Amino acid sequence: MPLLAVKGVSKAFGGIQALNSCSFSVDQGTVTGLIGPNGSGKTTVFNVITGYERPDAGEVLYQDQAIHGQSPRAVFQRGIGRTFQSPRIFPRLTLIENLKIPVRASGGPQTPEDDVNRWLEFVGLDRYGTAQAGSLSYGQRKLLEFAMMLAANPQLVLLDEPAGGVNPAMMETMARLITEMNRRGVTFLIVEHNMGFVMSLCQHVVVMHRGQVIASGPPAVVQEDQAVLDAYLGD
Amino acid sequence: MTRRQAYNAAALGAALLLAALFPVLVPNGAFETVAIFTLIYIAMASAWNILGGYTGYVSLGHAAFFGVGAYAFTILCKAWNVPAGWVTFLMLLAAGAVAGILAIPFGWIALRARRHTFVVITIAYLFIFQLLAYNLTNLTNGSAGIGAPIPPWMGSSFNIPFFYVALALAVAVIVLSALIRRSRFGLSLLAIRDDEDRALGLGIPTGRLKLTAFVIAAIFIAMAGALYAYYVTFIYPQYAMNPLDDLSMALMAFLGGVGTVAGPVIGALIVEPSQQYFTIAFQSGLNLITYGGLFLVVILFIPRGLWPTIRDALKARAERVRAQSAVEPPAEATRLSAKGGSS
């Protein structure tokens, strides 16, 4: 039984069919990549899974239970966390306050200072604990958002372009942190355009094009798939 | 307790003592009246800030609850034959309760909208309540107004009970605001202010918390309204539910520092006495021009408000001094090295 199963999900925005009977699954303990050209529906899938969008058709099963149409809060409480393409943190709060929110919301300790400091240390931001999150660089914001997600102790984390817009050193840090958390049992589903990043991290890759899954399998196999090459190079 | 905490506690204690001794230090009826209105506005602006400042939901309709409090106080005092005196102040709690109950459905509806739409809905609330006060004549006596119990105190002692009750109300709201700011509830409200959808996605029950903040603000603003009704002894719809009160609460919070505990207090301490002065010294319309001008100045030059701007400037100065003293060698060492260099 997969940890997450997306079955025949469709979603349209006016005349645009963002998802068209999209189906794929994510196994527990894996790092799965979700790739595809711009506008292929990757972020819409994320939004449907995490409750930010309601699907027009199809279902999303998490641990074999339907979660589609539930609120983002309910999805979060089931153990699914996500990050956004452009990091969404609380800019006017300090880093410590940013981390206290998911720790407390997920039923963590009432005095979460130890937990918070541990996560700040984990992503290398412990020096900035009392600084306002809005003063961080773009890459540091990504790390903070990643730490916020992990602090909630999720089972499944959806990362939307974790390597997007960050320098190579930061990208390496992000890859190291994902690998470390995956080793500790966290399952990842990653949307990413950087193929090197995807191919080095993921055991399984799902390719989307025009709202549908056109290929899936190990990175080496997907890379050679003619439909994938056509989608990226233009068919 | 750290040195800074001790300093803050001492400063707060001194401020409270000074406020408590105000009628003794300044035994003047006119100044006492200004002080009472200022304390009422401190309570109102601080309560408004729990919703408008902490969650970012700028309500321009909470003056409706000021009116609800004023009317609930007068109507219930009449209905229950409450005698005028100290015991009448207990009716402030009943007025707060009425407003709190009313605020639940109205808040639930308004908070389904965000930003400008929310602001417009709250403005509509104010006028709906004002129209009700005009037209429910059996209950409110309409445009003829309605009388509250006449306080039994006379002459120079008249203001004293009102001053201390207003002070107690202002202190209670400030303390509550500070406790909320430091609590899990307050942190969640601030998260809603920064990014509501993100907060929802991190497990915060945004709808319930926003409504709680809306109701808390309504309760304390209504208690201020009840105190106002008892003090002025007669209320009319246009004064009890006055759009200018909404502007005042927002202006005070923004001028002092919206979303901070001290901001609305500082704002009320500046705006209300100067407003009273302008009303007395010049034509009554000048206070409105002052409001408009102040809003512009705040938005253009100090968008974060006075308190955060001054606090950060002081912090930056302290850091500069610390950095300078760390770089500069002590005077003795400089003198010795200069001697060594010349020999």
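As the structure is a prediction and not an experimental result, all values here were calculated from the model. Computed from heavy atoms alone, side chains included, the values below leave out hydrogens, waters and symmetry copies. Numbered from 1 within each chain, the chains take letters A, B, ... in sequence-line order.
- Within residues 67-79 of chain A, the residues having any heavy atom closer than 4.5 Å to a heavy atom of chain B are Pro72(A), Arg73(A), Phe76(A), Gln77(A), listed by residue number.
- With values rounded to the nearest 0.5 angstrom, Phe90(A) atom CZ is found 6.0 Å from Asp195(B) atom CG.
- Residue-environment remark: CZ (Arg184(A)) exceeds the threshold of 12 foreign heavy atoms within 6.0 Å.
- Counting all heavy atoms, side chain and backbone alike, Asp194(B) lies closest to Pro91(A) at OD2-N, 3.1 Å.
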I'd like a table of donor-acceptor pairs (distance under 3.5 Å, sequence neighbours excluded) in which one partner is a side-chain atom from residues 11-25 of chain A, with atom names and distances.
residue  : atom : partner  : partner atom : Å
Lys11(A) : NZ   : Arg54(A) : O            : 2.9
Gln17(A) : NE2  : Leu19(A) : O            : 2.8
Ser23(A) : OG   : Gly8(A)  : N            : 2.7

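- Under the salt bridge (Lys or Arg N to Asp or Glu O under 4.0 Å) criterion, Lys210(B) pairs with Glu196(B), sequence neighbours left out.
- Note: Phe84(A) CZ to Asp197(B) CG = 7.5 Å, rounded to the nearest 0.5 Å.
- Separating the CZ atom in Arg82(A) from the CG atom in Leu202(B) is a distance of 11.0 Å, to the nearest 0.5 Å.
- In Arg182(B), the CZ atom is not crowded: 12 or fewer heavy atoms of neighbouring residues, nucleotides or ligands sit closer than 6.0 Å.
- Between Glu97(A) and Arg184(B), no side-chain nitrogen of the basic residue sits less than 4.0 Å from a carboxylate oxygen of the acidic one, so the salt-bridge criterion is not met.
- In plain terms, the two heavy atoms of Thr83(A) and Arg198(B) that are nearest each other are CA-NH2, 4.3 Å.
- Residues satisfying the salt bridge (Lys or Arg N to Asp or Glu O under 4.0 Å) criterion with Asp27(A), sequence neighbours excluded, are absent altogether.
- For the atom pair CG (Leu187(B)) and CG (Leu93(A)), the distance works out to 6.0 Å, reported to the nearest 0.5 Å.
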